[in-house]
Asker: 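Would you mind keeping the following structure in view while I ask a few things?
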Amino acid sequence: MNTLSHNSNPLYEYLSEFDKAQLKALYGILVHYWVNQKAFISKRNFFNLWCELNVLCHEVDEGFPDINDHELVKSYCHQHPYYFIDILDTGIVIKLFCKHLDDRLDHLTAMVQKLDTEGIWAACECANEALGLSENIDELVAEIEEHIKTYS
């Protein structure tokens, strides 16, 4: 768990300026690198983040499924992958990201800074370099942007 106070956490400082569109782009990038490389967040913290987001969404939105029905929640999340960004206040999402993101935080912070200042392409390039990958960034960015457009 990230124990730095928000005031001294560079990741939090960059993320605190993000709007919903930037958070969706970041989440798209994070999911890609987590699914393919298990990068930026441990499996346990990914699960904990997901559970906390679901509890909060259930509290805020009466249309959110019963959190005790795992299959229904899972189905809802697949149909609405950016649900928590749309339902919750961005400040809450950012705090939870900072609490649970726990792997290669220096690289993640650099990627978030690139996302903020230069966009998705630069952020993916930064992540590829940090992880020693040679993925096609143009294809990756197109996939992320299309996914956000489809599910937002």
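In this text the structure is predicted, and so the values were computed from the model without any measurement. No hydrogens, no waters, no symmetry mates; every other heavy atom, side chains included, goes into these values.
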Asker: Within the distance-only criterion (no hydrogens, no angle test), does the side chain of His107 pair as donor or acceptor with the backbone N or O of Ala127 below 3.5 angstrom?
Answerer: no

Asker: Step by step, would you call Leu26 with Phe97 a side chain to side chain contact (heavy atoms under 4.5 Å, CB included)?
Answerer: CA-CA 10 Å; Leu26 173 62; Phe97 276 5; 4.0 Å; yes

Asker: How far apart are the C-alpha atoms of Glu143 and His32, what are their side-chain angles, what is the distance that settles it, and do they pass the side chain to side chain donor-acceptor pair (under 3.5 Å) test?
Answerer: CA-CA 10 Å; Glu143 288 172 14; His32 172 79; 5.1 Å; no

Asker: Please name the residue in the list Leu140, Ile137, Ile120 that meets the side chain to side chain contact (heavy atoms under 4.5 Å, CB included) test with Glu125.
Answerer: Ile137

Asker: May I ask you to decide if Cys57's main-chain N or O and Asp61's side chain share a donor-acceptor pair within less than 3.5 Å?
Answerer: no

Asker: Got a donor-acceptor contact below 3.5 angstrom from the Trp121 side chain to the Val141 backbone?
Answerer: no

Asker: Taking only residues two or more places apart in sequence or in another chain, which ones pass salt bridge (Lys or Arg N to Asp or Glu O under 4.0 Å) with Glu118?
Answerer: Lys114

Asker: To the nearest 0.5 Å, tell me how far Leu72 CG sits from Ile67 CD1.
Answerer: 12.0 Å

Asker: Per the ring pair (Phe, Tyr, Trp, His ring centres under 6.0 Å) rule, which among Tyr76, Trp50, Phe47 passes with His70?
Answerer: Trp50

Asker: Could you check whether any side-chain heavy atom of Ile41 comes within less than 4.5 Å of a side-chain heavy atom of Leu30, counting everything from C-beta outward?
Answerer: no

Asker: Look only at the side chain of Asp103 and the backbone of Phe40, and say whether a donor-acceptor pair between them is shorter than 3.5 Å.
Answerer: yes

Asker: What's the separation between atom CH2 in Trp34 and atom NZ in Lys43, rounded to the nearest 0.5 Å?
Answerer: 6.5 Å

Asker: Nearest 0.5 Å please: distance from the OH atom of Tyr151 over to the NE2 atom of His78.
Answerer: 10.0 Å

Asker: Taking only residues two or more places apart in sequence, or in another chain, which ones meet Glu52 in a salt bridge (Lys or Arg N to Asp or Glu O under 4.0 Å)?
Answerer: Lys99

Asker: Using the side chain to side chain contact (heavy atoms under 4.5 Å, CB included) rule, take Leu131 and Met111 through it: C-alpha gap first, then chi angles, then the decisive distance, then the call.
Answerer: CA-CA 11 Å; Leu131 299 171; Met111 183 188 75; over 6 Å; no

Asker: For residues 81-88, dump all side-chain donor-acceptor pairs below 3.5 Å to protein atoms at least two apart in sequence or in another chain.
Answerer:
residue : atom : partner : partner atom : Å
Tyr82   : OH   : His147  : ND1          : 2.7
Tyr83   : OH   : Asn54   : OD1          : 2.4
Asp86   : OD1  : Lys24   : NZ           : 2.8

Asker: Using a 3.5 Å distance criterion without hydrogens, assess whether the side chain of Gln22 forms a donor-acceptor pair with backbone atoms of Asp19.
Answerer: yes

Asker: If you round to the nearest 0.5 Å, how far is CG of Leu101 from CG of Leu15?
Answerer: 8.0 Å

Asker: Would you say the side chains of Tyr14 and Asn9 form a donor-acceptor pair under 3.5 Å?
Answerer: no

Asker: Nearest 0.5 Å, what's the CG-CD distance between Leu133 and Gln37?
Answerer: 4.5 Å

Asker: So which atom in Glu139 and which in Asn136 form the shortest heavy-atom distance, rounded to 0.1 Å?
Answerer: N-OD1, 3.0 Å

Asker: Just by distance, no angles: are the side chains of Gln113 and Thr117 close enough, under 3.5 Å, to form a donor-acceptor pair?
Answerer: no

Asker: Kindly check if the number of other-residue, nucleotide or ligand heavy atoms within 6.0 Å of NZ (Lys74) is above 12?
Answerer: no

Asker: OH/Tyr12 to CD1/Ile94 distance, rounded to the nearest 0.5 angstrom?
Answerer: 7.0 Å

Asker: Does Leu105 offer a backbone N or O that forms a donor-acceptor pair with the side chain of Thr109 under 3.5 Å?
Answerer: yes

